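Let me begin by presenting the structure, written as structure tokens, before commenting on it.
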Amino acid sequence: MMEIHLIFTRSNQLKITIANSVNQHLSLKICFSLVYSIESVDGGTITKKVGRYYEILSEKSEIFLTLQKTKIGSYNLSCGPEGLFVIDDNDKRLECFIHPLTFESPIPRVQYAEYKEKILEPVIPFPFFSRLKQEFIKIINLKFKIQPQEQDFFKNIKNITEVSNIIFNTERGYDIVFLKQNLEAEEYKILIEKKLITINYSDYGGKLYSIITLVQLVNFYKSELPLGLIEDKPTLSWRGMHLDCARQFYSIERIKRLMDYMCFFKLNRFHWHLTDNEAWRVELDCYPNLTNQGAFRGYNEKIPPFYGTGYNKSGGYYSRSEIAELIEYAKQRNIEIMPEIDLPAHSWTLLEIMPELRDTNSNVISEDVGNYPNNTINPALKETHIFLKNILEELSEIFSFNIIHVGVDERPKESWEGSPKVIKYMQDNNISSFDELQDVYMNNIISILKKSNKLTAAWNEAALPPHNDIGSAGSSGKVDKSCIIFAWEHEDVGLMSARKGFKTVLCPGHKTYFDMAHNKSTYERGICWASTIEVKEVFEWKPLQDYNSENVVNILGIQGQLWSETITNKDYFDSMINPRLAALAEIAWCSEAKRSWGHFRSSLMKNMEYMTKMGWKFHGF
């Protein structure tokens with residue numbers, strides 16, 4: 001059997017050593033994907049490159065790769081070849097054993113301090129007002145008596161509450177009474193008295209969050225509860241989490257598990273990234289081939305094995321019935337689902353299936369920051385307008401939430417330059433720049449979605465010039481102000497968006513991108529183009545400190561993101577999210593920390609005990 005060793009050398013080159021005992025002179029094709037681009041190869045020749053999937057032909061036993069430099073100057077466990085397989089000169093896959101990635105100059109793991117702080121408030125996020133006494137009532141056998149009409153409510157969230165061993169029943173136990181009151185959205189009040197818990201709420205979210213708070217209290221106090229009052233409400237209405245299901249496919253059950261986590265920390269928006277260069281994951285009746293072909297990858301498939309997919313066919317998509325099931329599950333957890341179809345760029349897979357959406361007479365080859373060539377649909381084509389109308393109308397039928405996200409990030413500056421049809425369209429419509437053409441494209445989408453009573457959301461390049469100099473284009477400033485902007489590139493971008501009058505969700509990469517590594521250790525996972533992000537750094541973020549009252553009214557909220565290039569094994573999923581997302585939930589609810597890191601950290605550790613019971617692993621903090 002062939003053996004392959006992978007090592008980052010002291011000079012930060014990636015060395016691939018091939019021990020081939022069968023035939024030392026065999027010409028081999030080494031196939032794999034990376035999260036950083038290859039700048040040069042010694043010992044082989046790149047015969048195929050799409051994005052960061054590579055096929056390298058070599059007759060040597062050692063291949064040295066120089067990769068693009070990282071922000072921290074070193075690499076970690078996510079930076080080696082993923083999904084590696086070897087093909088012989090007869091195009092047959094060879095059996096090989098791949099040794100784990102090693103480092104000649106390893107950077108040790110971070111050692112986190114012990115937990116010494118006393119827990120002053122066990123609830124996460126920190127309540128708006130809490131006055132609990134040092135006087136307690138016993139909860140016999142953790143039983144709470146509920147009104148008969150509340151049985152379905154508790155049944156819907158059973159898998160969140162059941163690991164607490166609390167029993168909510170209609171026969172016996174400590175009484176809980178719900179009273180509907182005229183409170184703000186998601187607001188609730190819990191009054192714990194000697195014989196009764198009274199919960200005031202105005203909507204489903206407030207009712208649900210009161211029980212989540214009660215569960216966290218029981219998790220801390222065990223068989224007793226302190227008498228007193230909690231009055232709670234969020235500062236921000238949008239408290240979200242994004243999941244990239246294009247780079248990696250996650251089952252409906254795994255997404256439900258994430259929603260349980262979100263619910264436990266009072267997050268209420270799920271941003272579902274369903275398409276990108278690497279896949280199309282949402283089933284649409286109008287274009288069935290998008291999922292028949294675009295949802296699967298492999299060596300012999302139309303779409304190559306990006307980001308660790310490997311030789312065999314793999315992947316998946318979400319059917320209309322699965323989406324309906326997930327929407328209902330989300331609503332039971334006070335979560336709305338916003339789908340994202342990432343256009344006009346980030347469309348390499350789409351254009352492999354529907355090449356009619358590009359101008360074949362274009363004489364310019366553009367490439368995006370991820371090395372995908374010609375990945376942008378053409379707005380001057382009649383076929384593109386029909387395509388957009390069809391998919392947006394069907395998505396509007398499928399998803400009940402009133403917002404649809406349409407991407408518009410990282411469009412290569414040259415993407416439309418060589419198209420004769422674009423040039424003619426711009427002349428005919430008195431459009432003076434490609435950025436202005438993007439605004440025409442965006443306003444067309446906004447108009448289509450308005451007819452279906454939907455609002456349009458997009459990344460910040462849809463309405464602003466790009467902040468990062470990565471060869472991407474942006475807006476000329478003529479986009480309809482109804483567009484909701486997701487400000488990802490930098491904190492300054494969110495402030496600029498709000499000042500221009502756009503409703504804005506803050507999601508800057510250096511604080512909310514959970515695909516970033518926690519720190520510089522070579523034993524971490526994640527990338528670091530924005531920064532490294534420890535849990536403490538999320539907690540200490542003050543997202544609204546530079547906003548005046550006039551601008552802060554345009555901030556809808558805050559959102560975390562998990563891009564999935566590095567999640568080549570689902571075992572990596574938990575520690576990238578948990579507990580950074582719990583820390584972000586605190587900031588999203590309160591707008592900034594209302595307690596010290598030490599007190600929060602102790603409370604977080606206690607809640608991690610609960611999350612562990614729910615099956616979640618977590619990263620150190």
Side-chain angles (χ1 to χ4, degrees), residues 8 12 14 33-39 49 51-54 65-82 101 107 242-244 246-248 271 273 276-278 306-308 342 345-346 348 367-372 375 407-413 459-461 464-474 486-494 506-535 537-538 541 559-568 572 575-577 580 584 619:
F8 275 103
N12 263 343
L14 176 58
S33 60
L34 294 165
V35 293
Y36 291 112
S37 302
I38 296 175
E39 292 189 344
K49 180 189 81 167
R52 295 190 177 113
Y53 167 72
Y54 295 91
L65 307 179
T66 301
L67 307 185
Q68 67 183 112
K69 290 180 173 58
T70 70
K71 188 169 186 174
I72 59 175
S74 59
Y75 299 95
N76 64 21
L77 289 173
S78 288
C79 302
E82 293 284 0
L101 179 67
I107 301 171
H242 153 289
L243 182 62
D244 166 16
R247 275 57 175 263
Q248 306 294 344
H271 178 165
H273 189 82
D276 215 296
N277 285 314
E278 299 82 4
F306 299 119
Y307 294 121
D342 201 351
H346 285 270
W348 189 86
E367 190 170 89
D368 76 349
V369 66
N371 303 138
Y372 288 92
N375 75 334
V408 202
D409 59 317
E410 297 181 335
R411 174 178 63 82
K413 289 178 182 177
W459 300 109
N460 54 251
E461 298 99 314
L464 304 169
H467 179 89
N468 297 328
D469 185 13
I470 55 174
S472 299
F486 283 67
W488 70 276
E489 285 188 280
H490 191 271
E491 283 187 273
D492 293 347
V493 174
L506 304 179
C507 46
H510 72 294
K511 293 296 183 185
T512 71
Y513 272 35
F514 299 147
D515 54 314
M516 298 295 114
H518 285 73
N519 52 64
K520 295 181 180 180
S521 170
T522 50
Y523 301 109
E524 289 291 334
R525 294 196 178 273
I527 51 180
C528 60
W529 66 259
S531 64
T532 57
I533 309 174
E534 291 280 13
V535 180
E537 293 171 306
V538 178
W541 181 36
Q559 179 173 283
Q561 277 71 221
L562 183 65
W563 300 99
S564 295
E565 291 95 327
T566 64
I567 314 297
T568 52
Y572 308 153
S575 62
M576 299 306 287
I577 292 173
R580 290 191 287 195
L584 189 69
H619 192 281

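Source: prediction; values computed, not measured.
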Donor-acceptor contacts, no H, no angles, side chain residues 526-533, under 3.5 Å, sequence neighbours left out:
residue	atom	partner	partner atom	Å
S531	OG	H510	O	3.2

Centroid-centroid distance, W459 to H273, less than 6.0 Å: no
Any donor-acceptor pair under 3.5 Å linking the side-chain atoms of H346 with those of D409? yes
R580 charged N/C atom sitting above F514 aromatic ring, 6.0 Å / 45°: no
Donor-acceptor pair, distance only, cut-off 3.5 Å: does the side chain of S472 make one with the backbone of P412? no
pair P81-L14: side-chain heavy atoms closer than 4.5 Å: yes
I'd like to check Y54 versus S37 (side-chain heavy atoms, cut-off strictly below 4.5 Å). Are they in contact? yes
Taking the side chain as every heavy atom from C-beta outward, state whether P508 and W541 have any atom pair closer than 4.5 Å. yes
Donor-acceptor contact below 3.5 Å, side chain N371 vs main chain R52: no
For the atom pair CZ (R247) and CG (N277), what is the distance rounded to the nearest 0.5 Å? 6.5 Å
Step-by-step side-chain contact (heavy atoms from CB on, under 4.5 Å) determination, D244 to D515: CA-CA 10 Å; D244 166 16; D515 54 314; over 6 Å; no
Determine whether the aromatic ring centres of residues H242 and F486 are separated by less than 6.0 angstrom. no
For residues L67 and I38, determine if any side-chain heavy atom of one lies less than 4.5 Å from a side-chain heavy atom of the other. yes
Start with the C-alpha gap between H467 and N460, add the side-chain angles, then the distance that decides, and say whether side-chain contact (heavy atoms from CB on, under 4.5 Å) holds. CA-CA 9 Å; H467 179 89; N460 54 251; 5.6 Å; no
Would you say T70 and Y36 make side-chain contact, with heavy atoms under 4.5 Å? yes
For side-chain contact (heavy atoms from CB on, under 4.5 Å), just list the numbers for V535 and H619, CA-CA rounded to whole Å, side-chain angles, deciding distance to a tenth of an Å, and then say yes or no. CA-CA 9 Å; V535 180; H619 192 281; 5.6 Å; no
Can you find a pair of side-chain heavy atoms, one from T522 and one from F8, that are under 4.5 Å apart? no
Any donor-acceptor N/O pair, E537 side chain to E534 backbone, under 3.5 Å: yes
Within the side chain of R411, is there an N or O that forms a donor-acceptor pair under 3.5 Å with the backbone of A473? no
Measure from the side-chain N and O atoms of E489 to the backbone N and O of N468, and report whether any donor-acceptor pair falls under 3.5 Å. yes
Would you name the heavy atoms of D342 and G407 that are closest together and state the gap between them? OD1-CA, 3.2 Å
In terms of relative ring orientation, are F306 and Y53 parallel, tilted or perpendicular, with 30° and 60° separating the classes? perpendicular
Output for pair (Y75 OH, K520 NZ), nearest 0.5 Å, gives 14.0 Å
Side-chain contact test, heavy atoms from C-beta onward, threshold under 4.5 Å: evaluate it for T512 versus W488 and give yes or no. no
Can you tell me if E82 uses its side chain to pair, donor with acceptor, with the backbone of Y307 under 3.5 Å? no
What closest approach, in Å, do S564 and L243 show between heavy atoms, and which atom pair accounts for it? OG-CD1, 4.4 Å
Tell me the closest heavy-atom pair linking V538 and K511, and the distance in Å. CG2-O, 3.7 Å
Can you see which heavy atom on C79 is nearest to which on L34, and at what distance? O-CD2, 3.6 Å
Sub-3.5 Å donor-acceptor pair from the side chain of D276 to the main-chain atoms of E278, do we have one? no
List the steps, then state whether side-chain contact (heavy atoms from CB on, under 4.5 Å) holds for K71 with M516. CA-CA 11 Å; K71 188 169 186 174; M516 298 295 114; over 6 Å; no
So L77 and R525, do their side chains get closer than 4.5 Å, heavy atoms only? yes
List the atom of A517, the atom of N76, and the distance in Å for their closest heavy-atom pair. CB-ND2, 3.7 Å
Are H271 and Q561 close enough that a side-chain donor and a side-chain acceptor fall under 3.5 Å? no
